[in-house]
Asks: 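First the structure, which I've put down as structure tokens, then a few questions once you've had a look.
Just so you know, these numbers use all the heavy atoms, side chains as well, and skip hydrogens, waters and symmetry mates. Note that the structure is a prediction, hence the values are computed from the model and not measured. Chain identifiers are assigned alphabetically (A, B, ...) following the order of the sequence lines, protein sequences preceding nucleic acid strands; residue numbering begins at 1 within each chain.
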2 protein chains.
Amino acid sequence: MEPVSTEHVTTLRRFNRYFTRRIGALDDHYLGQDRPLGEARLLYEIGDGASLRELRSRLGLDAGYLSRMAKALEAQGLVRITVHPQDTRLRLAELTPAGRVEVKEQNRRANRLAEGLLSGLTPAQRGQLTESLGTAQRLLRLAAITVELVDGAAPDARACLDVYAADIDARFPEGYDRAALVQPHEVSGDTGAFLVAYEEGRPVGCAALRRLEPGVGEIRHVWVHPAARRLGLARRLLAELERQAAERGYGVVRLDTHATLTEAQAMYRACGYTGIPRYNDDVYGGYWFEKSLPKPPLIP
Amino acid sequence: MEPVSTEHVTTLRRFNRYFTRRIGALDDHYLGQDRPLGEARLLYEIGDGASLRELRSRLGLDAGYLSRMAKALEAQGLVRITVHPQDTRLRLAELTPAGRVEVKEQNRRANRLAEGLLSGLTPAQRGQLTESLGTAQRLLRLAAITVELVDGAAPDARACLDVYAADIDARFPEGYDRAALVQPHEVSGDTGAFLVAYEEGRPVGCAALRRLEPGVGEIRHVWVHPAARRLGLARRLLAELERQAAERGYGVVRLDTHATLTEAQAMYRACGYTGIPRYNDDVYGGYWFEKSLPKPPLIP
DNA sequence: CCCTACCTTTGACTACAGTCAAAGAAATAT
DNA sequence: ATATTTCTTTGACTGTAGTCAAAGGTAGGG
């Protein structure tokens with residue numbers, strides 16, 4: 001991997017210092033107002049209802065601490081806590097009308113704060129700021145996502161394929177038959193690979209490689225969770241999978257895409273793939289692509 | 001002022017949430033490590049030495065709280081506290097060699113964290129992120145700066161002119177004579193104005209308006225502190241001063257600039273000023289500009 | 001049916017962050 | 001010379017955040 005230039009590190013750190021001290025701290029202070037910050041955050045996070053378990057993982061809180069805060073909010077009449085109908089170990093928290101009012105008030109305060117800040121800028125500058133922040137957030141999210149090689153039979157791998165199958169089943173006019181998915185053993189070991197992308201511990205994308213014929217690998221199931229799209233994650237998965245393919249001795253990789261997935265086709269072309277004639281009898285294939293890989297560096 | 005669009009507010013708030021929770025919180029956690037966060041911040045802020053008074057205002061801490069923390073750091077051998085030689089009410093804090101080591105270690109950790117984040121991006125993406133963050137920070141700083149109309153005799157006004165005079169005295173080949181500065185009464189009241197820009201309570205720029213002849217105002221001493229340059233603050237001061245001029249019934253404003261200040265000349269042209277012949281006998285003038293102002297809106 | 005894993009609650013703490021008021025010492029203004 | 005202001009220190013607090021361990025109830029696998 002390329003070394004990180006000090007200029008980039010400095011800018012990120014300077015921004016971080018400036019932003020957390022000036023904007024973030026202000027925001028926290030206003031959000032809480034007459035309520036402890038922890039409670040205010042919890043209230044906000046409950047939103048349209050959530051289980052304590054979920055809240056705990058989202059906010060990264062200790063179970064006991066959370067339990068007590070939830071109880072305090074319940075005592076204040078802001079939250080109603082019920083037992084999960086299916087799994088009675090779980091507790092569900094939801095806002096009461098009073099809680100909803102409180103959250104609305106939080107939102108109003110935060111909006112006013114943001115408006116106050118933005119009002120110091122001209123409309124053109126506001127647009128520029130919005131664009132910069134959007135770009136920065138996209139890139140920061142992408143940077144925080146890790147791509148890992150997992151076994152084709154790993155639960156996360158299967159979970160990704162489940163969502164993937166449901167996703168394209170809804171998108172293909174003819175639906176999608178799960179029988180077309182790769183088998184775990186095809187995408188594991190010396191000839192195959194399965195990559196899962198994680199954002200904050202949750203799988204948000206995948207990509208699979210299997211052997212097609214000697215020297216030729218096939219890339220399949222490149223998929224990104226809807227909430228993680230437009231970050232450039234698919235390209236990253238693809239690049240990483242190509243590295244894996246080269247390491248496994250493949251000189252060429254092929255793939256097919258459904259005729260309806262025009263964005264995917266554009267991406268493959270942009271990543272150096274060229275259209276080729278049909279190479280398989282996949283019923284979902286509409287376009288076929290191929291890319292030659294560089295020889296892997298010899299690791300002594 | 002134009003209303004702030006919800007899109008801009010939403011983007012700013014979303015970014016704020018994401019950044020403070022994900023990046024900022026992480027940073028704080030790593031910075032502190034085995035030391036309370038307050039102490040870690042104080043240590044960092046002391047840097048090459050500072051008075052307790054200064055630290056208090058920079059960090060926004062309670063006097064008692066700060067005094068105790070400083071003492072704790074001194075007891076740990078990280079900080080040396082001495083009495084100010086001129087004003088014995090003041091205490092000066094500076095790092096001991098051990099303190100310096102500790103701060104270096106903090107820096108190393110923070111750098112590693114930033115590098116870890118950036119290493120997930122391609123060099124091109126890193127460049128894009130750096131640029132976005134730079135732009136965003138510029139704009140956020142600008143947005144947080146307030147411009148206020150003050151009396152020409154106000155301490156902040158005179159303080160600005162002092163720094164201004166010293167600044168250009170160093171820049172003009174022939175130096176600068178303070179006698180050329182405006183008098184307080186010229187830039188106050190119905191015919192004059194004095195604007196001071198504040199960033200976090202400190203004056204970081206100024207601009208003055210005085211009467212030149214009936215219907216014609218003169219803009220003078222447009223100045224921005226070196227630490228606040230390249231944010232677009234001069235333009236903002238200028239625009240606000242033009243509003244003040246229009247309000248005071250001036251249909252035209254004029255100004256002159258020294259021949260060496262080429263950036264200033266470019267800015268005036270970009271702001272709608274056009275070159276005119278010499279209109280005064282200012283020894284520092286090298287270029288003369290003029291701009292017609294719109295009629296002020298009638299306030300009933 | 002039993003065992004294990006999971007989720008929550010409760011009790012008992014700790015440490016950090018921060019506030020307030022009183023008082024002392026030195027500088028500055030009048 | 002006196003009054004006022006400024007800066008710091010000290011004592012006495014408070015509230016929030018967060019940790020750890022024990023215990024009790026429930027779900028799911030074998």
Asks: So, A:Arg210 side chain and A:Glu186 main chain: donor-acceptor pair closer than 3.5 Å or not?
Replies: no

Asks: Between B:Ser67 and D:dC7, does any side-chain N or O lie under 4.0 Å from OP1 or OP2?
Replies: no

Asks: Rounded to the Å, how far apart are A:Leu66 CG and D:dC20 C1'?
Replies: 16 Å

Asks: Could you check B:Tyr65 against A:Pro85 and say which one's nearest nucleotide on DNA chain D is further toward the 5' end?
Replies: B:Tyr65

Asks: Nearest whole Å is fine: how far is C:dC6 P from A:His84 NE2?
Replies: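 Between P of C:dC6 and NE2 of A:His84: 17 Å.
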
Asks: Base, sugar-phosphate, or nothing: which does A:Gln86 touch, judged by heavy atoms less than 4.0 Å apart?
Replies: sugar-phosphate

Asks: Report the residue (A:Gly38 or B:Gly64) whose heavy-atom-nearest nucleotide on DNA chain D is the more 5′ of the two.
Replies: B:Gly64

Asks: D:dT16 P sits how many Å from A:Leu59 CG, rounded?
Replies: 17 Å

Asks: Can you tell me which nucleotide in C:dT9, C:dC7, D:dT8 comes closest to the side chain of A:Arg53?
Replies: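 Selected nucleotide (nearest to the side chain): C:dC7.
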
Asks: Among C:dT8, C:dA26, D:dT8, which nucleotide has an atom closest to any side-chain atom of B:Arg89?
Replies: C:dA26

Asks: In whole Å, I'd like the distance from the NZ atom of A:Lys71 to the C1' atom of D:dT16.
Replies: 20 Å

Asks: Side chain of A:Ala63 only, heavy atoms from C-beta on: which candidate in C:dA17, C:dT8, D:dA27 is closest?
Replies: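 Taking heavy atoms from C-beta onward, the closest nucleotide is C:dT8.
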
Asks: Regarding B:Glu39, tell me which of base, sugar-phosphate or nothing describes its non-hydrogen contacts under 4.0 Å with the strands shown.
Replies: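 Result for B:Glu39 = nothing.
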
Asks: Just how far, in rounded Å, is P of D:dT8 from CG of B:Leu61?
Replies: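 So the two atoms are 12 Å apart, to the nearest Å.
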
Asks: Hey, does the side chain of A:Ser57 reach the backbone of A:Glu54 with a donor-acceptor pair shorter than 3.5 angstrom?
Replies: yes

Asks: Heavy atoms only: give me the nearest A:Ala72-A:Glu39 pair and the separation to one decimal.
Replies: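 For A:Ala72 versus A:Glu39, the nearest heavy atoms are CB-OE2, 4.0 Å.
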
Asks: In whole angstrom, give the distance that lies between atom CG of B:Leu92 and atom P of D:dT8.
Replies: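 Roughly 9 Å, once rounded to whole Å.
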
Asks: Rounded to whole Å, please give me the gap between CE in B:Met69 and C1' in C:dG18.
Replies: 10 Å

Asks: When the ring planes of B:Phe19 and B:Phe15 are compared, do they come out parallel, tilted or perpendicular, using 30° and 60° as the limits?
Replies: parallel

Asks: With a non-hydrogen cut-off below 4.0 angstrom, is A:Leu52 in contact with a base, only sugar-phosphate, or nothing?
Replies: sugar-phosphate

Asks: Whole angstrom is fine here: how far is it from CG in B:Asp62 over to P in D:dT6?
Replies: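 Atom-to-atom, B:Asp62 to D:dT6, this comes out as 17 Å.
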
Asks: Indicate, yes or no, whether a donor-acceptor pair under 3.5 Å links the base of C:dG11 to the side chain of A:Arg68.
Replies: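 Looking at the base of C:dG11, it does pair with a donor or acceptor on the side chain of A:Arg68 (distance under 3.5 Å).
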
Asks: Answer yes or no: does a side-chain N or O of B:Thr88 lie under 4.0 Å from OP1 or OP2 of C:dA27?
Replies: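 Checking B:Thr88 against C:dA27: at least one side-chain N or O falls below 4.0 Å of OP1 or OP2.
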
Asks: Do A:Asp167 and A:Tyr176 have side-chain N/O donor and acceptor atoms under 3.5 Å apart?
Replies: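 Note: A:Asp167 and A:Tyr176 side chains miss the donor-acceptor criterion.
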
